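Read through the structure below, which is laid out as structure tokens, and then see the notes.
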Amino acid sequence: MTAEFDVAVVGLGAMGSAALSFLAARGARTIGIDAYFPAHQLSSSHGDSRLIRLGYFEDPSYVPLLQRAYHNWRTLEARLRADVLTITGVLQIGAENSKIVAGTRASCKMHGLEHEVLDRADMARRFPAFQLDDQEIAVLDPQGGYLRPEAAVMGYLNLAVQDGAVLHFGERVITIEPGDGGVTIRSADGQYRAKKVVVATGSWITELVPQLKEHAVPIRQVVAWYQPRDGFATEPQRMPCFLRDEGAEGSYFGFPAIGVDGVKVGRHAHFRQPIDPNQPNPPVNDADTTLLDSFIAKRVPAAAGSRVNAVTCRYTMLPSEDFLLDLAPGNPNVVVASPCSGHGFKFTSVVGEILADLALEGESSLPIAAFSFDAMNRFIDARQSA
Ligand SMILES: Cc1cc2nc3c(=O)[nH]c(=O)nc-3n(C[C@H](O)[C@H](O)[C@H](O)COP(=O)(O)OP(=O)(O)OC[C@H]3O[C@@H](n4cnc5c(N)ncnc54)[C@H](O)[C@@H]3O)c2cc1C
């Protein structure tokens with residue numbers, strides 16, 4: 001006999017676990033299915049820490065979603081009675097006209113967000129871990145901080161189970177077939193009927209959402225941890241999380257010494273090397289460690305003791321580096337959650353709500369027009385004709 005559900009969620013990383021929790025909390029009969037055990041090493045939702053910030057340099061239009069995300073993170077913590085979000089402030093460092101600094105200030109201005117602008121001398125006095133060039137400044141977002149990805153994923157799954165969801169781990173979904181006013185989901189172990197399905201399969205998304213083939217590209221990412229040279233300056237009270245704009249070289253992100261391994265850094269999108277999601281993450285090599293060692297020595301000298309760990313992980317980029325949250329073209333019973341172009345974790349708590357809206361109502365009152373298939377295709381067309 002085929003088990004029947006209102007909604008099936010395929011993929012239980014950040015986005016799927018949150019969606020499952022919101023769906024179950026609204027009384028939907030739900031099943032969540034993951035090919036592995038969630039927050040595993042091949043997913044994009046592990047590794048101790050993820051940045052969250054409110055004055056979003058990428059585009060001011062993300063801010064209302066972030067305000068909702070902060071609210072939902074605090075709601076999650078209240079239900080779990082556990083900490084998921086820690087405020088340290090986030091420093092966004094670079095030249096005054098750099099994308100990160102100018103974009104953060106534009107977002108703060110447009111939405112009236114609290115922030116401080118610090119010059120090199122202010123930084124040396126207040127946040128001595130960092131080294132700035134003469135003309136560089138920093139914008140402090142006092143509401144920024146970090147999230148604990150494993151606690152968030154497991155927390156959402158725990159709540160989903162408390163609210164009646166069924167979980168299947170170690171089960172890979174092979175096909176999703178439309179028909180009879182719903183979908184049939186087949187895995188190697190069984191088949192399920194659901195009125196709707198949410199597909200949140202991260203770097204494997206194109207296997208179940210062919211409309212994203214050639215557009216959603218999983219890339220290799222590397223992060224490294226350093227034992228600080230100056231333990232005092234790199235404590236979270238004196239060293240906020242940070243983003244640093246290095247112009248043509250891209251941007252770097254980092255965290256103070258919040259765990260035993262010390263200060264963590266990475267470069268956004270690293271070398272932009274595409275990977276095969278079904279292969280193990282390619283190992284860390286000399287080019288990776290040289291890049292990150294040089295950065296930390298030059299820009300965060302207080303942290304540049306010894307490198308104690310470096311790992312390869314992955315995230316999945318869309319052409320515009322935005323998100324995709326929409327019903328599948330031609331099949332409104334399939335809700336698609338893109339893996340969010342390397343900056344999605346902070347939005348998990350609002351993306352879960354949006355995916356539940358889309359599955360249960362077919363639409364969301366939250367502002368997601370920029371994350372539709374139409375918007376993605378318009379971006380691709382404009383780029384091709386430019
Ligand atoms: C190193 C790194 C640093 C990052 N830093 C930040 C940051 O500071 N701030 C921020 O906001 N974001 C950050 N991100 C991005 C953010 O973490 C990702 O956008 C987010 O975790 C993606 O979650 P997901 O649920 O889409 O994918 P995943 O976590 O990869 O989950 C997908 C799940 O689907 C399952 N699955 C796949 N195929 C199938 C199938 N056929 N059947 C069943 N299950 C399947 C997988 O097993 C997996 O568990 C970072 C990402 C990385 C890797």
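What you see is a predicted model, and the numbers here were worked out from it, not measured in a lab. Order of listing sets the numbers, starting from 1, for every ligand and every atom in it.
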Is the closest heavy atom of C313 to ligand 1 under 4.0 Å? yes
Would you kindly say whether S364 and D357 are connected by a side-chain donor-acceptor distance under 3.5 Å? yes
I'd like to know if R244 pairs up with E136 as an ion pair, taking the criterion as any Lys NZ or Arg NE/NH1/NH2 lying under 4.0 Å from an Asp or Glu carboxylate oxygen. yes
Lys/Arg N to Asp/Glu carboxylate O, D6 vs R26, below 4.0 Å: no
Taking atom 31 (O) of ligand 1 as the reference point, the nearest protein heavy atom with its distance: G13 CA, 3.3 Å
When you compare the side chains of T184 and E177, does any donor N or O come within less than 3.5 Å of an acceptor on the partner? no
Which ligand 1 atoms does C340 reach within 4.0 Å, using its non-hydrogen atoms? 19 (O)
Mind checking whether E207 has a heavy atom under 4.0 Å from ligand 1? no
Flag the pair D293 and R307 as a salt bridge only when some basic side-chain nitrogen lies within less than 4.0 angstrom of an acidic carboxylate oxygen. yes
Distance-only side-chain donor-acceptor flag, Y315 / H270, under 3.5 Å: no
State whether D381 and R378 are salt-bridged, where the test is any N-O pair (Lys NZ or Arg NE/NH1/NH2 against Asp/Glu carboxylate O) under 4.0 Å. no
Flag the pair Y56 / F347 as yes when their ring centroid distance falls below 6.0 Å, and as no otherwise. yes
Can you tell which of Y315, Y146, W204 gets a heavy atom nearest to atom 52 (C) of ligand 1? Y315
Closest protein heavy atom to atom 21 (O) of ligand 1, given as residue, atom name and distance to 0.1 Å: S45 OG, 2.8 Å
Does R272 pair with E321 as a salt bridge, N-O distance under 4.0 Å? yes
Yes or no: does H46 have any heavy atom under 4.0 Å from an atom of ligand 1? no
Under 4.0 Å between a side-chain nitrogen and a carboxylate oxygen: does that hold for R105 and E96? yes
H40 heavy atoms within 4.0 Å reach ligand 1 at atoms 46 (C), 47 (O), 48 (C), 49 (O)
Per-atom contacts of ligand 1 with R314, taking only distances under 4.0 Å to non-hydrogen atoms: 53 (C)
Atoms in ligand 1 with a heavy atom of V10 nearer than 4.0 Å: 42 (N), 43 (C)
among protein heavy atoms, the one nearest atom 6 (C) of ligand 1 is R50 CD, 3.2 Å
Can you pull out the closest protein heavy atom to atom 35 (C) of ligand 1? Residue, atom name and distance to 0.1 Å, please. D34 OD2, 3.2 Å
Under 3.5 Å, N or O to N or O, is F345 touching ligand 1 that way? yes
Which residue and non-hydrogen atom of the protein lie closest to atom 41 (N) of ligand 1, and at what distance in Å? V173 O, 3.0 Å
Quick one: do the S187 and R172 side chains pair a donor with an acceptor below 3.5 Å? no
Note: ligand 1 atoms sitting under 4.0 Å from heavy atoms of A14 are 23 (O), 25 (O), 29 (O)
Indicate yes or no: does an N/O atom of L208 lie under 3.5 Å from an N/O atom of ligand 1? no
Contact (N/O only, under 3.5 Å) between S203 and ligand 1: no
Run F323 and Y62 through ring-ring contact (aromatic ring centres under 6.0 Å, His included) and show every step you take. CA-CA 11 Å; F323 306 162; Y62 280 94; 5.4 Å; yes
Quick one: nearest non-hydrogen protein atom to atom 43 (C) of ligand 1, plus distance? A35 N, 3.2 Å
G266 touching ligand 1 at heavy-atom level, < 4.0 angstrom: no
Regarding R299 and E246, does a basic nitrogen lie under 4.0 Å from an acidic carboxylate oxygen? yes
Consider every N or O of L51 and every N or O of ligand 1, then say whether any pair is closer than 3.5 Å. yes
State whether the number of non-hydrogen atoms from other residues, nucleotides or ligands found under 6.0 Å of D180 atom CG is greater than 12. no
What atoms in ligand 1 come closer than 4.0 Å to a heavy atom of Q221? 1 (C)
With backbone taken as N, CA, C and O and side chain as the heavy atoms from C-beta onward, which portion of A200 lies under 4.0 Å from ligand 1: side chain, backbone, both, or neither? backbone
List ligand 1 atoms under 4.0 Å from E171, heavy atoms only on the residue side. 43 (C)
Under 3.5 Å, N or O to N or O, is L42 touching ligand 1 that way? no
Is the NZ or CZ atom of R148 both under 6.0 Å from the centre of the six-membered ring of W73 and within 45° of that ring's axis? no
Residue-ligand contact G47/ligand 1, heavy atom below 4.0 Å: no
